[in-house]
Chemist: 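Before I ask anything, here is the structure I am working with.
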Amino acid sequence: RGKITNKYLGSFGAKPKFYFPPNTALEMLADVNLQIVIVEGEKKCLAMMRVATNDFTESPHFLPIALQGVNNIVEYHKNEKREMADFHSIEWHNRRVFIIFDADKSEKYQVALAEKKLAQHLKTKGAKVFICSMPKIANLTGIDDWLGFLEREHDTATAIKKCFELLEKSKEFEANKFYLPNDLMLDFANGERGKAKLTVFRDNEILHIDEIALTKSKDRESFIDAIG
């Protein structure tokens, strides 16, 4: 048996959509007091729904939803680019929204950029956006992998507790910053000759300063070295 190369399959030409977990009611989409957690992929969404409903209360502690890919927030209609239609299904104004992308976004700068783009878009809709950066542990990348690891090493209660602690440590989104694993943050400012000044810091301690242009391969390598 060969390795499955496509974990998620969809109809050819289908427009991107949010994945909503089972039993998501329309009232949940309208209730701005119910926080939303955005992840990438159905498996991560289901793992987070298990956390959200761990004590079997009538309403989940938050509503997880999933993108079909970190960049899948737009669709095309007659060659016109516009936001994904499912954004209109949710009331965002004054709602707290947490974004949890994979821990390897420090190696995949495109993911960090996609996270920033999503956060900026949600801000335009009035959401209060928070970036949740997972810790880097061995080869664990997704929130579902991390929860499974904690459950195996400890127990289900510990995994759920650690997940809520991770959400509590989330940083409110600021347009000029990137949020990375292990509590690292990147601050971007305009530099000389079209480059950006990059400052890497943790808990207000500066760890690295450089000037980079992410469009050039050698500067992408500098980006990765700076935050690795």
Side-chain angles (χ1 to χ4, degrees), residues 7-8 16-70 72-73 86-87 89-92 94-106 108 111-112 114-115 118-119 122 127-173 179-185:
K7 292 192 295 183
Y8 305 108
K17 297 179 179 179
F18 280 126
Y19 172 79
F20 297 100
N23 301 319
T24 299
L26 291 176
E27 292 79 8
M28 295 179 183
L29 306 184
D31 182 7
V32 297
N33 293 313
L34 180 61
Q35 301 176 138
I36 283 179
V37 174
I38 299 179
V39 296
E40 180 198 5
E42 291 89 333
K43 287 174 60 180
K44 298 180 182 71
C45 184
L46 293 173
M48 289 301 290
M49 192 60 178
R50 187 183 179 202
V51 174
T53 57
N54 72 89
D55 52 4
F56 303 102
T57 54
E58 184 175 344
S59 178
H61 292 283
F62 55 83
L63 176 64
I65 61 177
L67 293 171
Q68 296 173 319
V70 294
N72 281 359
I73 64 172
D86 274 0
F87 276 106
S89 303
I90 301 171
E91 179 56 57
W92 300 101
N94 285 331
R95 191 196 290 260
R96 289 166 64 91
V97 181
F98 297 81
I99 301 174
I100 308 180
F101 284 168
D102 288 357
D104 62 354
K105 62 183 177 181
S106 57
K108 298 178 179 178
V111 177
E115 178 184 76
L118 172 61
L122 292 170
K128 300 174 182 177
V129 184
F130 296 83
I131 305 297
C132 186
S133 295
M134 290 176 47
K136 293 185 69 174
I137 303 176
N139 294 321
L140 304 177
T141 55
I143 189 69
D144 53 338
D145 300 325
W146 185 67
L147 287 169
F149 167 79
L150 290 173
E151 194 166 7
R152 291 190 300 272
E153 292 294 311
H154 304 283
D155 51 41
T156 301
T158 299
I160 291 171
K161 179 175 180 289
K162 291 289 186 182
C163 189
F164 277 108
E165 289 175 355
L166 192 67
L167 290 172
E168 290 171 3
K169 289 175 60 179
S170 297
K171 306 292 185 182
E172 188 163 7
F173 172 73
Y179 304 82
L180 297 168
N182 299 328
D183 297 323
L184 287 176
M185 294 181 68

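Everything quoted here is computed from the prediction, not taken from an experiment.
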Chemist: Considering all heavy atoms of both residues, which atom of E151 and which atom of A159 are nearest to each other, and what is their separation?
Modeler: N-CB, 4.0 Å

Chemist: Do you know which of I38, D102, I100, I99 makes side-chain contact (heavy atoms from CB on, under 4.5 Å) with E115?
Modeler: I99

Chemist: Would you call P64 and V39 a side-chain contact if the rule is heavy atoms closer than 4.5 Å?
Modeler: no

Chemist: What are the two closest heavy atoms between S170 and F130, and how far apart are they?
Modeler: CB-CB, 3.9 Å

Chemist: Determine whether L46 and P22 make a side-chain contact, defined as any pair of heavy atoms from C-beta on separated by less than 4.5 Å.
Modeler: yes

Chemist: side-chain contact (heavy atoms from CB on, under 4.5 Å) between I65 and I90: does it pass, once the steps are laid out?
Modeler: CA-CA 11 Å; I65 61 177; I90 301 171; 3.8 Å; yes

Chemist: What pair of heavy atoms forms the shortest contact from Q68 to K17, and how long is it?
Modeler: OE1-N, 3.1 Å

Chemist: Salt bridge or not between E165 and K169? Use side-chain N to carboxylate O under 4.0 Å.
Modeler: no

Chemist: Taking all atoms of both residues into account, what is the closest heavy-atom pair of V51 and N54, and its distance?
Modeler: O-ND2, 2.6 Å

Chemist: Determine the minimum heavy-atom distance between A66 and C45, stating which atoms define it.
Modeler: CB-CB, 3.8 Å

Chemist: Using every non-hydrogen atom in the two residues, find where K44 and G142 come nearest and quote the distance to one decimal.
Modeler: CE-CA, 3.6 Å

Chemist: Please evaluate residues T158 and E153 with respect to the criterion side-chain contact (heavy atoms from CB on, under 4.5 Å), reporting the C-alpha separation (whole Å), side-chain torsions for both, the decisive distance (0.1 Å), and the verdict.
Modeler: CA-CA 9 Å; T158 299; E153 292 294 311; over 6 Å; no

Chemist: Is there a donor-acceptor pair under 3.5 Å between the side chain of D86 and the backbone N or O of F18?
Modeler: yes

Chemist: Where does the angle between the aromatic ring planes of W92 and F87 fall among parallel (under 30°), tilted (30 to 60°) and perpendicular (over 60°)?
Modeler: tilted

Chemist: How far apart are the C-alpha atoms of F173 and L122, what are their side-chain angles, what is the distance that settles it, and do they pass the side-chain contact (heavy atoms from CB on, under 4.5 Å) test?
Modeler: CA-CA 10 Å; F173 172 73; L122 292 170; over 6 Å; no

Chemist: Side chains of L118 and V70, heavy atoms from C-beta outward: is any pair under 4.5 Å?
Modeler: no

Chemist: Is it true that atom CG of N23 has more than 12 heavy atoms of other residues, nucleotides or ligands lying nearer than 6.0 Å?
Modeler: no

Chemist: Working note: L34 + R95, criterion side-chain contact (heavy atoms from CB on, under 4.5 Å); need CA distance, chi angles, decisive distance, verdict.
Modeler: CA-CA 7 Å; L34 180 61; R95 191 196 290 260; 4.0 Å; yes

